[in-house]
Protein chains: 2
Amino acid sequence: MNTPDTRERLLDAAQKLFVEHGIDATSLRNVTTDAEANLASVNYHFGSKDELIQAVFARHLEPLNKERIRLLDELEREAGDTPLYLETTLEAFLKPTFEMMQNQKSREFVCLLGRLFTESSELKMLIMHQFQEVQKRYFAALQRTLPHLGIIDLSWRVHFMIGAMAHTFAVPEKLSIPSSSEAYNLTEESIMQHLITFAAAGLRAPVPSQTNGDNQK
Amino acid sequence: MNTPDTRERLLDAAQKLFVEHGIDATSLRNVTTDAEANLASVNYHFGSKDELIQAVFARHLEPLNKERIRLLDELEREAGDTPLYLETTLEAFLKPTFEMMQNQKSREFVCLLGRLFTESSELKMLIMHQFQEVQKRYFAALQRTLPHLGIIDLSWRVHFMIGAMAHTFAVPEKLSIPSSSEAYNLTEESIMQHLITFAAAGLRAPVPSQTNGDNQK
DNA sequence: GTCTATAGCATGATAGAC
DNA sequence: GTCTATCATGCTATAGAC
């Protein structure tokens, strides 16, 4: 059927408008108009704008993170006691999101997710705790794969990788490209491979001999 | 004197509140209250909220990009015809921003800048064209340093590096750190070195043998 | 569950005295 | 340049008919 539940239509409209204009700049009027629903429907179905926002995230975030955990479980079961191959770990982490980008609607969500990091801290905090397990598990896996890296080095490198990933999700246009109109439409799979190559090299980089005396306070 | 121009106080207040709560969520009332100025003063000094926003960016962005160009000019003059060393180029690009982070007020600006990428497209477009020259110059320098990389590979890798940088600027708390309270307060200089190590390795990574047939449409 | 109507408030902007 | 007062608009949320 081409007209899903009002509830679903509201979520779709909200997600689309959040990506287009930002969360704050999107009013309930915009949402209900776009969803061809009544102004009061948001409050009926979700209670408030805040709860609508959370519902938009909750809808896709839980399955996404479950899948990331599932893939890591599988890899670790296969590998037994040996540490995972770096690229394999990164692929398990990234693949679920890049697969979401195949579908238009969940692609919007990935974009929204990429922007979450720079949202107002109240919202960010609320959503971020859903990443706790994923973060803990993957960080531990990376520690086993890169045992020579101290926790500070690894933390920063993971931070940088998250940044590269979030930016790739959040910014669809490639600003860094000088000439404008060429065939830059790589497949998602190929973009993911580029990102894995970049991040794996960054994570594996040798630690510079002397990292200033400001670690270990 | 400890009370600068109203104009300056408005810019300071706006910048601070933009970082704290986001641009959209900050009202002119918030700004004028924080600046201990009159509600009408924003419209007197800037004409509108939009122009205030642009002024906040313009104040620091122009000197920042001028400095990036100046450093690159200097390096290229010294190097003559030989391509620059990768780490040196990255440092010239990053140093001006990391130096801004030493001072509290311009640190706020750097944070705002990191978030610019994920702002609503109208504002982004408006500010982004100020980066054109910096982008063009540094991209060309990187091409000379990494001649073996095709333009597509280099573009993506630069994209990832920009993401890592923006995330580092925009997200002060390090989310990726598992244990919470340790001495993670590295100096700006040291953080920059971590980022340079990561990005340089990512940029230098060997190109995987076969990058799927989807380039060259 | 859906709709209209509206309360209650905050917003950006401006007019006009000083 | 600074202030007060105010306008018109848009917002979230709710009450109550259907």
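Naming convention: chains lettered A, B, ... in sequence-line order (proteins, then strands); numbering from 1 in each chain.
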Less than 4.0 angstrom between a side-chain N/O of B:S27 and OP1 or OP2 of C:dT11, yes or no?
yes
Integer-rounded Å distance: C:dG12 C1' and B:N30 CG:
13 Å
Contact class for B:S48 vs. all strands (heavy atom < 4.0 Å): base, sugar-phosphate, or nothing?
sugar-phosphate
Please work out which residues in residues 12-26 of chain B have a non-hydrogen atom less than 4.0 Å from an atom of DNA chain D and list them by number.
none
Between the side chains of B:E51 and B:S48, is a donor N or O closer than 3.5 angstrom to an acceptor N or O?
yes
Nearest-angstrom distance from the residue atom CG of B:N43 to C1' of C:dT11:
12 Å
DNA chain D: 5'-most and 3'-most nucleotides touching chain B, 4.0 angstrom heavy-atom criterion
D:dG1 to D:dT4
Going by atom type alone, with no hydrogens or angles, which donor-acceptor pairs under 3.5 Å involve a side-chain atom of residues 17-24 of chain B and a protein atom two or more places apart or on another chain?
none

Partners meeting ring-ring contact (aromatic ring centres under 6.0 Å, His included) with A:Y138 (sequence neighbours left out):
A:F93
Which label fits B:F198 and A:F160: parallel for a plane angle under 30°, tilted from 30 to 60°, or perpendicular past 60°?
tilted
Let me spell it out: for each of A:H45 and B:L39, pick the nucleotide of DNA chain C with the closest heavy atom. Which residue's pick is nearer the 5' end?
A:H45
Side chains of B:S41 and B:N38: any donor to acceptor distance under 3.5 Å?
no
Using 30° and 60° as the class limits, which term best fits the ring planes of A:W156 and B:H194: parallel, tilted or perpendicular?
tilted
Got a sec, which residues hit salt bridge (charged side-chain N to carboxylate O under 4.0 Å, His left out) with B:R7, two or more places apart in sequence or on another chain?
none
Give me each pair satisfying ring pair (Phe, Tyr, Trp, His ring centres under 6.0 Å) with a member in residues 49-72 of chain B, each pair once, sequence neighbours excluded.
B:H60-B:F109
Between B:R29 and B:T6, which residue's closest nucleotide on DNA chain D lies nearer the 5′ terminus?
B:T6
Just the rounded figure in Å: distance from P of C:dG12 to CG of B:L28.
4 Å
